[in-house]
Amino acid sequence: MDFIFVCPKTQKTFTTPNFEIVDNRGVKTDADGNRMLDATVRLNAPCPFCGDRHEFHATELSCPFSADIP
């Protein structure tokens with residue numbers, strides 16, 4: 001599965017299946033009943049735009065099944 005990422009340096013969007021989920025603390029529920037994954041997603045390869053290996057909190061990523069993909 002490809003995840004959607006935005007390079008924090010260039011603000012350009014890319015997709016890749018080359019990532020891993022680290023620091024997974026499971027699914028959290030807020031006071032309004034919204035559920036979110038409390039984890040970090042790390043690229044396993046350099047960003048295609050800046051060459052860094054970014055890490056993102058799961059809440060920073062766009063849902064690959066959403067119609068609101070950047």
Side-chain angles (χ1 to χ4, degrees):
M1 167 187 259
D2 285 5
F3 271 27
I4 302 162
F5 299 95
V6 177
C7 173
K9 290 186 175 180
T10 66
Q11 300 304 307
K12 293 182 180 179
T13 303
F14 63 99
T15 61
T16 183
N18 198 3
F19 63 86
E20 63 182 314
I21 297 174
V22 296
D23 300 326
N24 188 350
R25 295 178 189 92
V27 176
K28 304 292 182 186
T29 304
D30 67 15
D32 295 324
N34 300 307
R35 296 170 46 116
M36 64 216 68
L37 179 63
D38 185 9
T40 300
V41 178
R42 178 184 301 146
L43 296 179
N44 289 327
C47 171
F49 299 112
C50 74
D52 286 351
R53 290 193 182 204
H54 303 302
E55 289 189 3
F56 303 88
H57 191 272
T59 58
E60 296 176 294
L61 303 177
S62 297
C63 175
F65 303 109
S66 171
D68 299 330
I69 297 172

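Just so it is clear, the model here is predicted, and its values are computed rather than measured.
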Q) Can you pull the salt bridge (Lys or Arg N to Asp or Glu O under 4.0 Å) pairs that have at least one residue in residues 25-36, sequence neighbours excluded? A)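 Salt bridge (Lys or Arg N to Asp or Glu O under 4.0 Å) check on residues 25-36 returns R25-D38.
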
**Q.** All side-chain hydrogen bond (donor to acceptor under 3.5 Å, both in side chains) counterparts of T29, not counting sequence neighbours
**A.**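 Partners of T29 by the side-chain hydrogen bond (donor to acceptor under 3.5 Å, both in side chains) criterion come out as none, since no residue qualifies.
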
Counting only pairs under 3.5 Å, give me each side-chain donor-acceptor contact of residues 39-50, with atom names and distances, residues two or more places apart or in other chains.
| residue | atom | partner | partner atom | Å |
| --- | --- | --- | --- | --- |
| R42 | NE | E55 | OE2 | 2.7 |
| R42 | NH2 | E55 | OE2 | 3.1 |
| N44 | ND2 | F19 | O | 3.3 |

(Q) If hydrophobic clusters are built from ILVMFWY residues whose side chains come within less than 4.5 Å, do F5 and V22 share one? (A)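 No; tracing contacts between hydrophobic side chains, which count when under 4.5 Å, never links both residues.
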
Q: Establish whether L37 and F3 are linked, either directly or via other cluster members, by ILVMFWY side-chain heavy-atom contacts under 4.5 Å.
A: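 Result: no, two separate clusters.
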
Q) With sequence neighbours excluded, what pairs up with P8 under the side chain to side chain contact (heavy atoms under 4.5 Å, CB included) test? A)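 Listed in chain order: H54, F56.
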
Q) With Q11, which residues qualify under side chain to side chain contact (heavy atoms under 4.5 Å, CB included), at least two apart? A)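 Residues passing side chain to side chain contact (heavy atoms under 4.5 Å, CB included) with Q11: V6.
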
Q | Reported CG-to-OG1 distance for the pair N34 and T59, which is rounded to 0.5 angstrom | A |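 These two atoms lie 12.5 Å from each other.
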
Q | Residue list, salt bridge (Lys or Arg N to Asp or Glu O under 4.0 Å) with K9, at least two apart or on another chain | A |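 Salt bridge (Lys or Arg N to Asp or Glu O under 4.0 Å) list for K9, sorted by chain: D52.
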
Q: Give the C-alpha distance, both sets of side-chain angles, the deciding distance and a yes or no for side-chain contact (heavy atoms from CB on, under 4.5 Å) between I4 and T13.
A: CA-CA 7 Å; I4 302 162; T13 303; 3.7 Å; yes

